[in-house]
Amino acid sequence: MLYVVIFFLFLAIVLYFLLGGADFGAGIIELFTSEDNKSRTRHTSYQAIGPVWEANHMWLIIAVVIMFVGFPVIYSDMCTYLHIPLLIMLLGITARGTAFAFRNYDAIKGKKTQSFYNRIFVYSSFITPLFLGIIAGSAISRQIDLNATDFLSAYIYGWFNLFSISVGLFTVALSGYLAAIYLIGEADNDKDVLRFIRKAKLMNILAVIFGGFVFITAGIEKVRLAYFIFGNPISLIAVITASISLLILWVMIYKGKRKIIRVFAAYQVTMILLAVGYMHFPYFIMTKNGQNLSLLTLHAPVKTIDALGWGLFIGSFIILPSLFYLYYSFQKKDEIV
């Protein structure tokens, strides 16, 4: 049952990145849109994420609950040594959600208040995935020092380093890329389609640049990233198939296949997460002093894991069909309108 819990943990992380990450990406796309086109971008983004943006954060909640209940030691250490980036990320999620709600449902839509909400929305949409990536990078950077005796070593250097920041920037680019690809399928005129294709190209290029920066900083800070990814067959296959699907995606775009490209984009990001996750499994956090935190040893008692596993397994038969129906319903609603 332990492996069932671990499976749902990684499933929640992947789905949060694919769905929640694309939501953040909508704000990133808006941030890099000219003033003349911002209103069109907002309209298309709202049509795409408006009905389901709250549901996407369900996966983050599930991941947190799994960590809190199933792996309390790892959860405690993570919240202790990474509490600063975690707090900033959560503040970003809160600010972004609040701004999104007020700018669309505020009873008084004045120019100044709308401008204020728009700024909060786009900047928090950038900050949140940045720190989400920083946290992810910190977990594998081997910079977290469990034996630290001063504030900087314990709470700053573990995440404020070149490698973690580069992973954060890479995460921002991937979020923008996902959003642009999704929005291509939501655009209702050819002009917007071409505009989102240009945004997808930009974010694709930035993802490649920041991805290269991740490997450079990994070499500088002696994170054996290249060895782990290219040194084992599973991660290598994941990277190769992700690269091939990227080529297929752009062929599909130029053929006008606007819906299927979402599948390829989601597949690419999933393979990237698989490559990184597989190479470090079962370690969830790799520390500076070698006391790596393993999901296979630092878990809750067996009875707790069994109850959590059954709860997740049974709950998935309720949550997954309901979520699918939610997306399906709003897609059909748009077609009817």
Side-chain angles (χ1 to χ4, degrees), residues 16-17 19-58 60-61 83-135 165 168-169 171-203 206 210 326 330 333-334 337:
Y16 183 65
F17 196 97
L19 301 174
D23 279 0
F24 300 135
I28 294 168
I29 294 298
E30 184 178 329
L31 180 62
F32 291 98
T33 298
S34 65
E35 288 297 327
D36 293 339
N37 294 316
K38 279 189 185 294
S39 61
R40 289 294 308 162
T41 299
R42 291 187 195 115
H43 172 74
T44 307
S45 299
Y46 176 73
Q47 292 297 111
I49 71 175
V52 295
W53 69 279
E54 283 280 22
N56 293 334
H57 293 297
M58 170 188 70
L60 176 62
I61 295 170
H83 73 276
I84 294 176
L86 279 169
L87 177 61
I88 296 173
M89 186 190 78
L90 292 174
L91 288 173
I93 291 173
T94 303
R96 181 184 178 279
T98 303
F100 181 83
F102 274 100
R103 80 172 185 172
N104 287 288
Y105 303 114
D106 194 353
I108 302 174
K109 292 190 177 182
K111 180 177 279 190
K112 288 185 178 180
T113 56
Q114 285 296 301
S115 177
F116 178 68
Y117 298 146
N118 289 335
R119 285 197 297 271
I120 292 178
F121 178 78
V122 296
Y123 292 135
S124 59
S125 293
F126 181 92
I127 291 171
T128 304
L130 174 65
F131 278 88
L132 177 62
I134 286 174
I135 293 165
I165 293 172
L169 293 172
T171 304
V172 170
L174 279 183
S175 297
Y177 169 71
L178 280 174
I181 294 297
Y182 292 174
L183 290 173
I184 289 172
E186 294 292 332
D188 54 12
N189 63 71
D190 292 339
K191 184 178 179 181
D192 284 344
V193 169
L194 292 175
R195 189 158 53 81
F196 288 127
I197 289 175
R198 288 196 295 270
K199 295 299 181 186
K201 287 180 181 178
L202 172 63
M203 291 300 166
L206 288 176
F210 289 132
L326 176 66
F330 281 101
K333 179 182 177 182
D334 291 339
V337 172

Practice task
Taking the side chain as every heavy atom from C-beta outward, state whether Leu178 and Phe24 have any pair of such atoms under 4.5 Å apart.
Solution key: no

Practice task
For Arg40, check salt bridge (Lys or Arg N to Asp or Glu O under 4.0 Å) against everything at least two apart and list the hits.
Solution key: Asp188, Asp192

Handout entry: More than 12 heavy atoms from other groups under 6.0 Å of NZ on Lys191
Key = no

Handout entry: Minimum heavy-atom distance between Ser124 and Gly92, given as atom pair plus value
Key = CB-O, 3.5 Å

Practice task
Using a 4.5 Å cut-off on heavy atoms from C-beta on, say whether the side chain of Met203 contacts that of Ile29.
Solution key: yes

Fill in the blank from the handout: Nearest heavy-atom approach of Gly176 to Ile28 is N-CD1, 4.3 Å

Exercise for the section: Find the distance between CG (Leu60) and CE (Met89) and round it off to the nearest 0.5 Å. Expected result: 5.5 Å

Exercise for the section: Nearest 0.5 Å please: distance from the CG atom of Leu183 over to the CD1 atom of Ile197. Expected result: 12.0 Å

Exercise for the section: Could you tell me whether Asp190 atom CG has more than 12 heavy atoms of other residues or ligands within 6.0 Å of it? Expected result: no

Fill in the blank from the handout: Separation between CD1 (Ile88) and CD1 (Ile127), nearest 0.5 Å, reads 8.0 Å

Problem - Ile93 side, atom CD1; Ser125 side, atom OG - distance, nearest 0.5 Å - result: 11.0 Å

Fill in the blank from the handout: In this structure, CZ of Phe196 is separated from NZ of Lys201 (nearest 0.5 Å) by 15.0 Å

Practice task
Considering non-hydrogen atoms only, spot the tightest contact between Ala179 and Gly25 and give its length.
Solution key: CB-C, 3.2 Å

Practice task
Specify the closest pair of heavy atoms between Ile184 and Ala200, including all atoms of both residues, with the distance to one decimal.
Solution key: CD1-CB, 4.3 Å

Practice task
Looking only at non-hydrogen atoms, find the nearest pair between Thr171 and Gly133 and report the distance.
Solution key: OG1-CA, 3.2 Å

Exercise for the section: Using distance alone, with no hydrogens and no angle criterion, decide if Asn37 and Ser34 have a side-chain donor and acceptor under 3.5 Å apart. Expected result: yes

Practice task
May I ask you to establish whether Arg103 and Phe121 are in a cation-pi arrangement, using a distance under 6.0 Å from NZ or CZ to the six-membered ring centre and at most 45° from the ring axis?
Solution key: yes

Handout entry: Residues in ring-ring contact (aromatic ring centres under 6.0 Å, His included) contact with Tyr117, at least two apart in sequence or another chain
Key = Phe102

Handout entry: With Thr41 via side chain to side chain donor-acceptor pair (under 3.5 Å) - residues at least two apart
Key = Arg195

Problem - Side chain Arg96, main chain Asp23, donor-acceptor under 3.5 Å - result: yes

Practice task
Given side chain to side chain contact (heavy atoms under 4.5 Å, CB included), test Ile120 with Thr98 step by step and report yes or no.
Solution key: CA-CA 9 Å; Ile120 292 178; Thr98 303; over 6 Å; no

Handout entry: Side-chain (Lys199) to main-chain (Phe32) donor-acceptor, under 3.5 angstrom
Key = yes

Exercise for the section: On the 0 to 90° scale, with breaks at 30° and 60°, tag the His57-Tyr16 ring pair as parallel, tilted or perpendicular. Expected result: tilted

Practice task
Rounded to the nearest 0.5 Å, what's the gap from CD1 on Ile84 to CD1 on Ile134? Could you check?
Solution key: 11.5 Å

